[in-house]
Amino acid sequence: MSYVDEVLERVIAKNPAEPEFHQAVKEVLESLRPVIEANEAKYRKEALLERLTEPDRQFKFRVPWVDDKGQVQVNTGYRVQFNNSIGPYKGGLRLHPSVNLGIIKFLGFEQIFKNSLTGLPIGGGKGGSDFDPKGKSDREVMAFCQSFMTELCKYIGADTDVPAGDIGTGAREIGYMFGQYKKIRSVYEGVLTGKGLSYGGSLARTEATGYGLLYLTEEMLKCNGHDIKDKVICISGSGNVAIYATQKAQQLGAKVVTVSDSTGWVYDPEGIDVALLKEVKEIKRARLTEYAAARPSAQYHEGRGVWTVKCDVALPCATQNELLLEDAKELVANGCIAVAEGANMPTTLEATEYLQENHVLFAPGKAANAGGVATSALEMSQNSERLSWTFEEVDGKLKNIMVNIFHNLDDAAKRYGKEGDYVAGANIAGFEKVADAMIAQGVV
Ligand code: NDP
């Protein structure tokens, strides 16, 4: 049996009832087969894959807090410190009822390679809780965050493990957690990223994922003989990633003609009006019907449908599994030349395969949306230096990082005879650096 298959069997046997973790390990190891086969004897002797798929350590803890009625509630907290061979553990805290150990492990495992791809010194970790901030008062959210951090603060630190936001953990939650860390540990340090600008946050973090997505897409198009200028782009979602992807696309001379939310989508052949979109979504927190009502050129449609619009480039920026096989077929039939994932795992496996088989350039989220975590690492640098860089400085570094990410994955794919397969390239480039560091640091 091949080394990859042996390790896959072992992961499933050792981690029962964690299907998401099994899926993530399978996807990564399958695409690494050429590298692993080329180095099989060395990696087997080092038990490299067994070590890589076993977290350094994982914490699971009780989070008791009191709700507004005086009732004690109990949630479960998690932090998985997966791999710190290239830097301190780094990865978000997810607050959502669906959170369990398997989901945190799947996200932490993926984070190792995404963080490695940025070229910055950050290892992989992830955490969270089954707490649901939706519908809770500010006081309840604070009570939960303080209790969560009372335990978590024992395991994290600016040079050890630096958590960030994720689903359910925004600026409010980061603020409450940072306050509690500071109170208990009596140290003012950059232990969390995604902080407010008044207490150590970084300029351009808000824009980073959307802008980074466009910097990588522009480079991918350029290296394949296309210019992003004048391209017609379909974007899904209308949240943080979608809004700033739209803004940067238009700054680069492309025309974005769609956005969506969980109830419907807008087609605006004149090009999305970003100022209006921001007003509707960021200020009024309203539905896209309000955008359509205020913009004569826009048409509103209920339900799904963004990928039926003819475009040159598609950027899924909403949620997981939102670009299905039938959507991929429409995109190909309409002459789409590139898809880059702003969201995490928005394209199903069958849709990805169909796009690649039909020679559509495909940039996976692990690379294409890495601008967010990269800018979090830049926030860590600024905190260590006790300095704040200007917007232009951070944005310039972000652009360099995204251009480098593209070239790293392009080169890695070529080295293993998989030219143009950026999914394999991303996994290989992320893996190689971590594998080298693990071997160099001995059996630890
Ligand atoms: P937001 O919550 O700001 O926006 C999400 C958008 O997607 C909203 O417009 C939402 O609509 C829409 N949406 C949610 N579910 C669906 C659905 N089932 N069908 C259609 N639209 C839907 O999130 P972000 O923009 O921050 O994140 C988007 C994606 O990008 C996520 O996968 C996230 O993990 C990923 N990502 C984000 C990073 C960041 O820095 N923000 C970094 C890296 C990845 P509605 O308003 O109706 O809910």
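Contact check for Leu409 versus Phe406: side-chain heavy atoms found under the 4.5 Å cut-off. A heavy-atom distance below 4.5 Å is not found between the side chains of Cys311 and Ile233. Two residues are said to be in side-chain contact when any heavy atoms from C-beta on lie closer than 4.5 Å; Leu213 and Glu341 fail this criterion. When side chains are defined from C-beta on, Pro346 does not count as touching Asn321, because their heavy atoms never get closer than 4.5 Å. Looking at Gln23 and Phe106, their side chains never come closer than 4.5 Å, going by heavy atoms from C-beta outward. Counting heavy atoms from C-beta outward, Val313 and Leu221 have side chains that approach closer than 4.5 Å. Within the 4.5 Å cutoff, the side chain of Val63 has no heavy atoms near those of the Glu151 side chain. In this structure the side chain of Met345 never reaches within 4.5 angstrom of the side chain of Thr319, judged on heavy atoms.
Checking Asn334 against Trp307 by side-chain atom types alone, no donor-acceptor pair falls below 3.5 Å. Between the side chains of Asp395 and Tyr215, at least one donor-acceptor pair of N or O atoms lies under 3.5 Å. Glu37 and Ser2 are not linked by any side-chain donor-acceptor pair at a separation below 3.5 angstrom, with hydrogens and angles left out of the test. When only modelled atom types and interatomic distance are considered, Gln382 and Ser202 share a side-chain donor-acceptor pair under 3.5 Å. Lys114 and Asn369 are linked by a side-chain donor-acceptor pair at a separation below 3.5 angstrom, with hydrogens and angles left out of the test. Side-chain contact check for Gln111 and Asn115: at least one donor-acceptor pair (N or O, by modelled atom type) lies under 3.5 Å. Of the N and O atoms on the side chains of Asn100 and Tyr78, not one donor lies less than 3.5 Å from an acceptor on the other residue. With 3.5 Å as the limit, one finds no donor-acceptor pair spanning the side chains of Glu302 and Thr263. At a cut-off of 3.5 Å, with distance as the only test, no side-chain donor of Tyr43 or Arg51 sits close to an acceptor on the other residue.
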Subject >> Check against side-chain contact (heavy atoms from CB on, under 4.5 Å), Ile122 and Val162 >> reply: CA-CA 9 Å; Ile122 38 179; Val162 184; over 6 Å; no
Original post:
Step by step, would you call Tyr89 with Phe82 a ring pair (Phe, Tyr, Trp, His ring centres under 6.0 Å)?
Top reply: CA-CA 7 Å; Tyr89 306 105; Phe82 223 113; 9.4 Å; no
Subject >> Stepwise side-chain contact (heavy atoms from CB on, under 4.5 Å) check, Glu218 with Lys399 >> reply: CA-CA 10 Å; Glu218 182 187 27; Lys399 182 164 184 187; 4.0 Å; yes
Original post:
Between Thr150 and Gln180, does a side chain to side chain donor-acceptor pair (under 3.5 Å) hold up when you go through it step by step?
Top reply: CA-CA 7 Å; Thr150 300; Gln180 185 74 350; 3.0 Å; yes
**OP:** Might you work through the salt bridge (Lys or Arg N to Asp or Glu O under 4.0 Å) test for Lys248 and Glu207, ending with a clear yes or no?
**Re:** CA-CA 9 Å; Lys248 183 51 72 180; Glu207 293 82 356; over 6 Å; no
Subject >> Residues Lys366, Val28; criterion side-chain contact (heavy atoms from CB on, under 4.5 Å); working and verdict >> reply: CA-CA 11 Å; Lys366 195 176 280 148; Val28 170; 4.0 Å; yes
**OP:** Quick one: do Leu107 and Ile103 satisfy side-chain contact (heavy atoms from CB on, under 4.5 Å)? Show the steps, please.
**Re:** CA-CA 6 Å; Leu107 292 164; Ile103 288 183; 3.9 Å; yes
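Aromatic rings of Tyr354 and Phe362 (six-membered ring for Trp) have centroids beyond the 6.0 Å cut-off, not under it. With ring centers used as reference points, Tyr181 lies 6.0 Å or more from Phe148. Remark: aromatic rings of Tyr155 and Phe59 are close, center separation under 6.0 Å.
Interatomic distance, Ser238 OG to Trp265 CH2, rounded to the nearest 0.5 Å: 14.0 Å. Between the OG atom of Ser236 and the CZ atom of Arg304 there is a distance of 9.0 Å, given to the nearest 0.5 Å. Interatomic distance, CD1 of Ile337 versus CG of Asn358, reported as 14.5 Å (0.5 Å rounding). For the atom pair Asp159 CG and Asn84 CG, the distance stands at 11.5 Å (nearest 0.5 Å). Taking CG of Asp421 as the reference point, atom OG of Ser31 lies at 8.0 Å (rounded to 0.5 Å). Within the model, atoms CD1 of Ile167 and CG of Asp132 stand 11.5 Å from one another, a figure rounded to the nearest 0.5 Å.
Here the side chain of Gln356 pairs no donor or acceptor atom with the backbone of Glu353 at under 3.5 angstrom. Remark: side-chain polar atoms of Ser147 are not paired, donor with acceptor, to backbone N or O of Ala143 under 3.5 angstrom. Between the side chain of Thr258 and the backbone N or O of Ile235, at least one donor-acceptor pair lies under 3.5 Å. Not one N or O on the side chain of Tyr416 forms a donor-acceptor pair closer than 3.5 Å with the backbone of Leu32.
Ionic pairing of Arg33 and Asp5 is present here: one or more N-O contacts between side-chain nitrogen and carboxylate oxygen are shorter than 4.0 angstrom. By the 4.0 Å N-to-carboxylate-O rule, Lys90 lies too far from Asp161 to be salt-bridged with it. The residues Glu219 and Lys222 are annotated as salt-bridged, a charged nitrogen and a carboxylate oxygen being separated by less than 4.0 angstrom. With salt bridges taken as basic N to acidic carboxylate O contacts below 4.0 Å, one links Arg94 and Asp166. Between Glu432 and Arg415 there is a salt bridge, with a side-chain nitrogen of the basic residue lying less than 4.0 Å from a carboxylate oxygen of the acidic one.
Listed here is the closest heavy atom pair of Glu322 and Asp327: O-OD2, 3.7 Å. The minimum heavy-atom distance linking Pro88 with Pro121 is given by the pair CD-O, 3.5 Å. Shown here for Ile405 and Ala367, the closest heavy-atom pair between the two residues is CG2-CB, 3.8 Å. Minimum interatomic distance between Gly168 and Pro133 (heavy atoms only, all atoms of both residues): O-CG, 3.4 Å. Annotation for Asp130 and Val99: closest pair CB-O, 3.9 Å, computed over non-hydrogen atoms. Across all non-hydrogen atoms, the minimal contact from Ala412 to Ile428 is CB-CG2, 3.9 Å.
If you run salt bridge (charged side-chain N to carboxylate O under 4.0 Å, His left out) between Lys105 and each of Glu18, Glu54, Glu110, only Glu18 comes through. Just one of Arg205, Lys397, Lys195 meets the salt bridge (charged side-chain N to carboxylate O under 4.0 Å, His left out) condition when paired with Glu379; it is Lys195.
Applying the 6.0 Å contact sphere to CD of Glu419 captures no more than 12 heavy atoms from other residues, nucleotides or ligands. In Lys136, the NZ atom is crowded: over 12 heavy atoms of neighbouring residues, nucleotides or ligands sit closer than 6.0 Å. At most 12 non-hydrogen atoms from other residues, nucleotides or ligands lie less than 6.0 angstrom from NZ of Lys182. Around the NE2 atom of His407, the shell of radius 6.0 Å holds more than 12 heavy atoms that belong to other residues, nucleotides or ligands.
Relative ring orientation between Phe131 and Phe144 is described as parallel, the plane-to-plane angle staying below 30° on a 0-90° scale split at 30° and 60°.
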